[in-house]
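Structure record follows, encoded as structure tokens.
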Amino acid sequence: MNILILLAACAGLLALRFVPKMNILGWLVGWWAATFVFLRWGINPPLPTSIQGMFLAILTLSLLAYISANSAHFRFALDRAVAFATEKKYTVALLVTLILLPCLVALRVYFDVTEGPAPPLSSRTIHPPPPVSIEVAGRTIDLVNDDNPYRALETEDPAAFAEHVANGRRVYYENCVYCHGDDMAGDGLFAHGYDPIPANFQDATTIAMLQEGYIFWRIAKGGPGLPSESTPWLSAMPAWENFLTEEEMWDVTLFLYDFTGHRPRAREDHGGGGDGH
Amino acid sequence: MMNALKICVFTVLVAAFYSYVSQMVPQKVTYPPEETELGADMTTEELVVAGEEIASGKGTCLTCHTVSGDTGGRFPDLANIGLVAADRKEGFSDVEYLAESLYDPNEYIVEGFLPGMTPISDPPIDLNDQEILAVIAYLQSLGGVATVTLDTELRWQSEENSAAAAASQASAAAGPSAENLSGEELFAMYACGTCHSVTEPTPLLGPSLYNAGNDFSTAELYEAIMDPDAVVAEEFTAGLMSAQLNATGFYDKISSGQLKTLVDYLAMQKGGS
Amino acid sequence: MKWLARRLPAGSLLFLMLAGMTLVAFWAPDAWAQDAAGPVEYRSFPVVGSRVVVWVIAQLHLMFGAFVLAVPMFALTIEFIGFRNGDKRYDDLAHEFTRLLSVSFSFTASLGALLTFFLFILYPRLMEYLVSIFDWTFMLYACVFFLEAVFLYSYYYGWGKMPKWLHLLLGLGLNMVGIAIIFIADSWLTFMNSPNGIDAEGNLLSTWDAINNFTWMPINIHRLIANICFGGSIAAAYGAYKFLGAKTDEERAHYDWMGYMGNFIAIAALLPLPFAGYWLGREIYAFSQSLGIALMGGTFSWLFIIQAVLIGNLFLAANYYLWLSMERIHGAERYRKFTKWLLASITVCFIVWATPHSLVATVEEARAMGGSHHPILNVLGVMSAKNTAVNVLILTTYLSFLFYRRANKEATVSWAKTGNIVQFGILAAVVGVVIFLGVYGYFVEASVRIGLSIPQVGLVLFAMISITIIDVFMFRNARILGPIEWGKIPNRAQYALFFIAITFAWTMGLMGYVRSGIRQHWHVYGVMRDTSEHAFTPTLGYAANVVSVTVLIFFAFIAVVFFLSSLSGKKQLEAEGGASP
Amino acid sequence: MEGETVIRNVTDIAIRVAACRTRRAVRHFSRSGFLSCVLAACLGVAGLPLAAWAQPAPDLGSEEQREAGRSLYMDKCAQCHGDAGQGDGVAAPFMRPMPRDFTAGVYKVRTTPSGQLPTDDDLARVIRDGMPYTGMPPWPQLSDDEIRNLVYYLKTFNADFSGPYGVPDLAEIPDPPSFSEASAERGRAVYEENQCFDCHGMAGRGDGSSAPTLQEQWGNHIRPADLTKRWTFIGGATRQDIYRTFTTGLDGSPMPSYSITPIEDSWALVDYVYSLSQDDPDYATAATARYAADPVDPAQGRAAFGEGRGAYFPVVGQVIESGRSFMPGVDGVEVKARYNADEIAIMLAWHDMSAETTGENAPDMAVPPTEQVVRDTVASVWSDAVAVQFPQEMAPEGLPYFLFGDAGQPVDLWFADLASGAGRSYVGRGSGNLIAGETDPSVHATYEDGEWTAVFAMPRDERFAEGAFVPIAFSVWDGFNDERGNRRGITGWYYLYIEPSERPSPVMPMLRAGGLTLLALLSIVGLMRFRRRTSVSA
């Protein structure tokens, strides 16, 4: 967030208050412009243009609603527009607008054409739904119902659990650290070379939102095991089933949660309905 | 009328607006995950992929073999099998060697390993010739270059086994008659001997059943077959047998009559006394 | 008997015919199964394909069904209000609402029959399986449906021709039967999403467990509320349509009022709808993480951005209508100055709700953001922020209502000032706590976060109820500043009503798609795979186009319904000697 | 220019390397000798005991602070630096340079004279800012208190911190004068005079003649800094940082401390190093292939591709499939391209410490999984090599897997073994499945001043249509690092933009857009005027 820009936008709006004979149209333009400036330059790192566009569209809708939700405002705006288009004293201004607007549009087109096209955008689904079950080393793991087999040790046998976590720590720092980073913030040594960049486990919206089965699936099957909705498969996540044993993969899952202090999403008990499933 | 027209236009515009908004979000088609199906016109590359899937799934190869490059496993590691297959056995090309070790695995045993693999063309794994070709293609690709296609002919291939459909019909037809098999035949058919020996007291992958009749009650034998993980003898891996039996479809195939015959057969094994 | 004979062809005959078709369709698969060499899994439909046909027809059936089930609910309520306070206006309004019913009911039945027909023809294997699970409920459904027809027609045609208490009782029966219908039908489709009561191979263990599956009740409740919303908005659209075509001031006044009532019902029902939606989402997550992620995190996460745009528009339009409505009330000028703050709140909430979690960004933008997530948007993109936004949105809309309610009133009670302060205090405190919980939710683990939505909802409900109670007492014997001049409202407001109706219909279409779409390549999730050529999940743009077409077809049909109703209305007016509404 | 040069504690790099082995002796020698000199000068009184007495006591923190530091250390640091601080954590074998052995008390980045211990602030700074392009990440998420506790704990590993040397002297690091081109120019002479090129190379690319033989004091090979990549400087990238680095040296590594007088010459050297480099890698997402009518002559090398820096892409280790490479020898590749009607040529340039032109290399060579993760050999059996890959077909459903494709979507691989200089082509369907392609690319590669430049030329097929964005990815093998097969440096997919030979004129689209806007405006105004007139007349 760039405080200076925010302050400048606010100051601009405040200044409008002191403009004599300020009318509703002026206010709307002022608000729109201030928001535009803030969204465009006031946020650091900058918002993607797609999001800027969406926010401005919502704002435009709101401002239109505002002006037409009051008949006096609406009539005023309409009158002004009609007056601008028809009355003699605005003829020069009207002509200037009629010339200037198409020129601006043409200029925009000029920039679009000369800037050259941008590389194709690839959008991919960040959290694709996991399959119902996966096969690891000939064993079927039911991702719907199976839990981390060692999670229960946390309460039953803390010493054994600590051993599993320690093993997970070893696995992590031997295998995962180059991409996911020493502090699991997704900023390892090689993170800058991959797109998408490695997941940030410290972020409350990654592993904290997911059950351990999901994490296990991502570890075991890696980028090549993503479903078709997550194409293109640029993910550099290896299919760890080729390197690690099942136990090691569960252990490293335990360690991820242990290190970041997150808790895996719990399997919820179902309130209504039968329990036959 | 004018009103009705205006409303019409308005409705269309609003619907179009929402359609437009929906075109603005990422457009992605999600296809169902692909099933391994062996089409008649599969290329060698597709065979490699299919074979990999069979090897880790239905074929249960990875229960015993590893593909990590580490030596010292139960069965030979397959990481470079495509490379070494060509000159492993004199007079055999790599395809021939691989085929032999799949159809007739105990014909050649890699030094340092015990015989124990079951022919994968037979029940319970029961791969048909096409699937075996896919597995060969996959094995060749490990360290080498896959060359086989579905048209590759091997001398191990059986006449009646050549078509997948025929194979499935044959097994369906064979179903009822299997009721009359003896316990020994069942033991062989379900490849129990891969992991359990009935002739020697030495354990293979699973405990020896040399003295099963004395060691276990009939009830224990039933349990050991139907729920292998209930009691696992020390030094043996839990889950291995159930995974193997599940993967080969043992529980789907065996009938209660066969089960009884098999248990009775095992209960007769009293080699220790 | 004469009136029955005259009107039977309009609705009932059609219905009987289609009921017959349903039965035929019901028994047909056996016949087909026998003549074909093996069991047929799928048949194809020319041009658009079987999936789109079933999709569109099911959606149309659903929309008409929703309308037919919802209108009796509020018709009965309005009739009851009219009965209690003796205001003829309410009774007429209720009657006018039911007038839309009879034709719609025929449409619903035809579409339902068509749907069954196509399902059995095009998806025989699936239907065979569903029949094997739900055998007797299909029969029950047919019976209940027949009962519905009996109740509906006697309720409508018996208007004013029987004692009022009996008529009200009939209306109650109609609603009961209607709810039974939707519950039975819901059990089938929720079973496909969250199968229950079966073993691993899909064999039936218990039909009751299959009915009472994870998502059955949430869907039931969600649909009931949504139906009222939808019915109200369509009724409001009817009022708007009549208003625009009205010739006299009296007509205008009447239809302005009707539009207002319809919209009031729709918005009042809209307020609890998000809560029901979250309950449903939670149950889906509880049933299976995969389904939950498909719903919220996968491709469909973008669908919920579209939904946010729809709902945001709905709230905006509803508030807009209220603000415009206040122009017909003397004394409302006093509240005009709050409009901009309400609007600001709505805009901010709208923006928060529509912020996607995974962004579309160029590689440069992604690099600048340091990943696929923006540090600021990331905070807005997750559930706790959106929950908060929805709650604040609901409170804002409630505030608009409150202003509308007291627009021409001035409290005369001695404690008016204190009352105002208390009301404001409650509101401010609740908003504050809701936002605090939203922010706090970001820092706690998922299970706690999900739990936080309950106090949020509770607080919002508490605020709305307590403020309303204070308001009612405060404005007892209030000084009236001026009359409400019904009919004095700009046409823009009527278009806002259309906008709300279309948006509702579109939202229903979209939600129908996502409910069935999250199963992806499964007919019955995890049990029966969809092996047809339509097993893939289409793009959202494609789905949106199908929804748009469905909505347009629906409104074309609705136009026919309006037209036919106005014909019969004319006749009735003539028959009753041209009584003014 | 006639600046007097003294390499203070060691005069010869070779001696320095040898001295490092017997580090304690060197350190104590240098410390006692140097310290006493300074102190004697300062106090005017000789006598070491007095000096030690006169020194303020080292700040070792409280018991709680060290304990807090210890738990933080065990949580965040022990995996690399080891539970006992000996630099032998589980991740240590995968790192070059190796994680610091805290028990040795030898630190690279210091504001204290060579051979002395670092100050607390030095330690804190490295923890907070990390060392770029080594295994040491920055830890901005730790609070100042946490970092201070860590520092207190680190100091417990070596007894010297609590002894008489625990309070080191501060090296004088003056404020830098402003940068000037002239000074940078003079710095070049200073650079040569001090034989910096011996390690860092004539062009500063870290390719000096002794570079392959350098060892840090633990005996592992260590690469000299590539002075053209300022963002990789482990001690920081400001001019003050550069000054500090060469005046205090990097203890434990072959980088000695220099004392260059007059001080203007020191700053001249700083300015020269500064002028060699850019501070931001400025990674690109697409390279542009420009049209040039004349035939491509690969032998021209870089000159054939016009002026200016090409698109620069980050290269990282292949850690995804077996044969993982944890410390690739190359960290970035520059790409330029051009095409004409029949041919397309792509130039790749990257910095390499030494050219390995003996032995052989191929993308499908097997790497034993048990091979040591980082090997330090001077005589390599593997040559340097490079490869470019493109999807074989542009499929709408997306890109092939970026590690040599997948079974569904194969890639075309253009490979150059720089020992033979011959180009080969492969069709890749996954890194385990490469078969030889039909047409081999013609390749021309040169190595000069630490930079490889390889030009690939191939017939231009329909993939490279004008205006197309062709997905492109690169692999680089550094033979010195024993890289071959899957052990290599890789990039993800980027794009090669085939810039159309004729730029489309923007005039028509501009006219169209402008005209349409004008039309819309006019019709609105016209409608308003029309209605106004009718309403007035009515």
Side-chain angles (χ1 to χ4, degrees), chain B residues 1-39 50 53 57-58 163-166 168-169 172-173 175 226-229 242-243 245-256, chain C residues 237 240-246 294 298-303 305-306 309-310 313 354 356 358-360 491 494-495 498-499 501-503 505-507 509-510 517 520-522 529-531 535-552 554-556 558-559 562-563:
Chain B
M1 213 51 227
M2 199 58 197
N3 270 328
L5 195 68
K6 273 190 193 165
I7 294 166
C8 266
V9 171
F10 185 73
T11 311
V12 172
L13 281 182
V14 173
F17 169 69
Y18 289 132
S19 268
Y20 169 77
V21 169
S22 312
Q23 313 299 328
M24 290 297 103
V25 303
Q27 303 294 318
K28 195 137 260 177
V29 179
T30 312
Y31 293 96
E34 275 172 37
E35 298 271 293
T36 329
E37 267 176 51
L38 299 180
E53 208 139 300
K58 196 175 170 187
S168 72
Q169 269 179 358
M226 296 313 283
D227 187 6
D229 292 337
S242 55
L245 292 188
N246 267 321
T248 55
F250 171 80
Y251 294 116
D252 299 334
K253 286 178 197 158
I254 193 157
S255 66
S256 53
Chain C
Y241 165 69
K242 298 292 273 185
F243 178 93
L244 292 176
T299 321
F300 290 113
S301 64
W302 280 103
L303 184 137
I305 298 306
I306 303 174
V309 170
L310 288 160
N313 273 331
S358 29
L359 308 170
V360 179
N491 285 357
Q494 306 306 321
Y495 279 98
F498 283 120
F499 182 78
I502 301 162
T503 308
W506 217 92
T507 313
L510 192 71
Q520 300 184 82
H521 54 279
W522 298 95
R529 253 184 101 117
D530 183 351
T531 53
F536 68 93
T537 311
T539 64
L540 286 176
Y542 177 82
N545 289 342
V546 174
V547 171
S548 277
V549 168
T550 313
V551 166
L552 289 179
F554 172 71
F555 276 99
I558 277 286
F562 283 3
F563 176 69

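Sequence lines set the chain letters: A, B, ... in the order given, protein chains first and strands last, and positions in each chain run from 1.
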Side-chain contact, heavy-atom cut-off 4.5 Å: C/Leu510 with B/Tyr18?
-> no
Which region of C/Leu244, side chain (C-beta onward) or backbone (N, CA, C, O), has a non-hydrogen atom less than 4.5 Å from a non-hydrogen atom of chain B, or is it both or neither?
-> both
With chain B, which of C/Trp506, C/Tyr241, C/Phe555, C/Trp522 has the greatest number of heavy-atom pairs at distances under 4.5 Å?
-> C/Trp506
Side chain to side chain, B/Gln23 and C/Asn545, heavy atoms closer than 4.5 Å = yes
Under 4.5 Å heavy-atom distance to chain C, tell me which part of B/Phe17 shows up: side chain, backbone, both or neither.
-> side chain
Please state whether the side chain, the backbone, both or neither of C/Ile502 comes within less than 4.5 Å of a heavy atom of chain B.
-> side chain
Please state whether the rings of B/Phe10 and C/Tyr495 are parallel, tilted or perpendicular, taking 30° and 60° as the class boundaries.
-> perpendicular
Is the closest side-chain donor-acceptor distance between C/Gln520 and C/Asp530 under 3.5 Å?
-> no
When heavy-atom pairs shorter than 4.5 Å are enumerated against chain B, which of C/Leu303, C/Val309, C/Ile305, C/Thr503 gives the highest number?
-> C/Thr503
Interface residue of largest heavy-atom contact number with chain C, from B/Cys8, B/Ala16, B/Ala15, under 4.5 Å | B/Ala15
Report yes if some heavy atom in the side chain of C/Pro538 is under 4.5 Å from a heavy atom in the side chain of C/Phe536; otherwise report no.
-> yes
